[in-house]
Structure formats: structure tokens, C-alpha cells
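Reminder, nothing fancy here: chain letters follow the sequence lines and each chain counts from 1. The structure presented is a predicted model; accordingly, all values stated were derived computationally and were not measured.
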2 protein chains.
Amino acid sequence: MLGDRWSLLIIRDMMLRGFHTYKEFMECYEGIATNILADRLHKLVAYGIIASKPDLSDRRKLIYSLTAKGIDLVPVLTEMVLWAAAHEKTGNQALVRQMKSDKRKFLDGVRQQCALRDRG
Amino acid sequence: MLGDRWSLLIIRDMMLRGFHTYKEFMECYEGIATNILADRLHKLVAYGIIASKPDLSDRRKLIYSLTAKGIDLVPVLTEMVLWAAAHEKTGNQALVRQMKSDKRKFLDGVRQQCALRDRG
DNA sequence: AATATCACTTGCAATTAACAAGTGATATAT
DNA sequence: ATATATCACTTGTTAATTGCAAGTGATATT
């Protein structure tokens, strides 16, 4: 269900980088094909992990957001980022420091930001 | 790197079910092809997540074990199992209860068992 | 009215995975 | 000792998935 190359990346970047449109994913991921991105977004919607709603200020756009089920993946992604940071010298060091210093606080912070974006 | 259908399953079952031979994976996963299993095991060895050594009591066999890097994935897999249990009504309920009641203790227990198997 | 941007679809080639049938090394049964 | 079985794979071949290029229709901007 999340066992492919892109789904977890999409979720990670919605959580940690605030991505919420097709264009942001498309420009960010080198090598992702348009049809695959569309397919993954639709599947994530179908699985109930993300939701989409039209952007009222530009009706061409769709805004994607994490559902409660998606937000519950925050601990999974956090542990993944920590593991990668420990073993693969990659990623945002400031973020990793934040995760390590107070994991509970970090998790709650991300959850709250997701919820805010969803309502705003 | 872990973004495929089988790699995380293999790691999960080495951690939580004590799998350590080719045959165990082959018999357990409905639908995995022999070439794909061999490929994934080799890649996991190449990535330094698992290691293999010959079984001294039957020299046809290879025994796979998690490396330190692999054992560090325990928190990731644990969070995944918890997420799946919360949202997908699947999996070992006893295990999930254990994870929830004292996560720290559970993590240490799994790490210790992996280390024991590796030495034994 | 013309052009640009948005989130996609479609068609096709290339990559990857699944299935079936070996292979060589070792183990077991006769 | 010979025959058969089991082990961890390899080697084809077919089927499915992905990557790439070029659209498409709806909306937005100039």
C-alpha cells in the first residue's frame, strides 16, 4: 500500500515541507512521471491517507491535505528520517536536531501544523 | 532503497518473527518470485542492513541476520505496525498490545533478541 | 483574443516483476 | 554407493509497471 518509490516521499513532504499541490511535487521530485504522480495521489486519496479540495482562489488548482489517518503516519516518517540521518548522511540537520531533542513536542507540532493547514 | 514491495516485509519478519533463511521468506510470502527474493536479500546485504553467513550444521543453508543498521530500523517498523493496527484491522494483536503498553521496553526486547540470534 | 498555467491523460518504449524451469552444492534414504 | 530430496539460488520468458513525450480541457493572465 505504501510499498512503492513515491508514496512515502509524498506523505513526508506534505508533513514536513508543507507541500499541498500537484505542481510542488512535480517540481520537487526529479524523475517522477506525471502519470505516476497523478496515480499515487489518487491512490492515497482512495486509501484515505490524503484528501483533495478545490482551491477557491484559483479553480484550476487542487489542494491536497493529510487526513487523520495520514497524520497518524507522522511517527513512522519521523523514525524514518531519524534512521536515514543516522545512517545515510542526508537531510535537514536542523529538523533532525529538533526531532531528537524532544520527540513528543516535535510530533505534536507537526500534527498541529497539519491540522491548521487543513482548516485554513 | 526500501521503496519496494518486499524489503520492509523481509526486515519486519526478521525482527518480529525471527525469520533467518531464504526458505522461511519463500514459504511465507505468497506471490514473491524466487529471483526477486534473491535480489532483495542481496540488495539488503549490499546496503548493510542484513548480513549472511553459512549455517555450520547444514552447509547448503545461509543464515541471514540484521546488522546494527538493520536493528536501528526497529522503531520505524514498530510505528508502522502500530499505524496499520490502528487503521487497517490487521496483524498480531498480542504484539500490538505489547508495543502500546511499554514501547521502550518492547524496542529494547526486540533489539536484544536480534543481538542474541546474531551471536548464537 | 491569444497565450500561459493548472492538473491531469494518452500512447509508446523501456524497465522491472512474476512465473516456470533449471543448476550446483549438499544432505538424506535405500 | 546410488538415487532422490532439499537448499539457495540462476536463467529464460512473459506480463505488468514505469518513464517519457506529447497532448487535453478548464481556468487564469496579458
Once you round it to whole Å, what is the distance between [atom2] of [N] and [atom1] of [X]?
| X | N | atom1 | atom2 | answer |
| --- | --- | --- | --- | --- |
| B:Ile36 | D:dT14 | CD1 | P | 17 Å |
| A:Glu24 | C:dT5 | CD | P | 17 Å |
| A:Ile63 | C:dA7 | CD1 | P | 10 Å |
| B:Leu41 | D:dA8 | CG | P | 10 Å |
| A:His20 | C:dA7 | NE2 | C1' | 14 Å |
| A:Leu37 | C:dC6 | CG | P | 14 Å |
| B:Lys23 | D:dT6 | NZ | C1' | 7 Å |
| A:Arg40 | C:dT9 | CZ | P | 13 Å |

**Study point:** Atom of A:Trp83, atom of B:Lys69 and distance for their closest heavy-atom approach
**Key:**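 Heavy atoms of A:Trp83 and B:Lys69 come nearest at NE1-O, 2.9 Å.
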Practice item. Describe, in one word, how the ring planes of B:Phe19 and B:Tyr29 are oriented to each other, choosing from parallel (under 30°), tilted (30 to 60°) and perpendicular (over 60°). Key: tilted
Check your understanding: With a 4.0 Å cut-off on heavy atoms, is A:Asp58 in touch with a base, just the backbone sugar-phosphate, or nothing at all?
Key ->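 It contacts sugar-phosphate atoms only.
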Out of [options], which has the shortest distance to the side chain of [X]?
| X | options | result |
| --- | --- | --- |
| B:Thr21 | D:dA8, C:dA20, D:dA21 | D:dA8 |
| B:His42 | D:dT10, C:dC8, D:dA28 | D:dT10 |
| A:Asn35 | D:dA8, C:dT26, D:dG19 | D:dG19 |

Practice item. State whether A:Trp6 places a side-chain N or O below 4.0 Å from either non-bridging phosphate oxygen (OP1 or OP2) of D:dG19. Key: yes
**Study point:** side-chain N/O A:Lys61 vs C:dA7 OP1/OP2, d < 4.0 Å
**Key:** no
**Study point:** CD (B:Gln112) with more than 12 external heavy atoms under 6.0 Å
**Key:** no
Practice item. Kindly say whether, by distance alone, the side chain of B:Arg60 makes a donor-acceptor pair under 3.5 Å with the base of D:dT6? Key: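 Side chain to base: pair found, below 3.5 Å.
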Check your understanding: Is A:Asp108 salt-bridged to A:Arg104, cutoff N-O under 4.0 Å?
Key ->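 Judged by the 4.0 Å cut-off on N to carboxylate O distance, A:Asp108 and A:Arg104 do not form a salt bridge.
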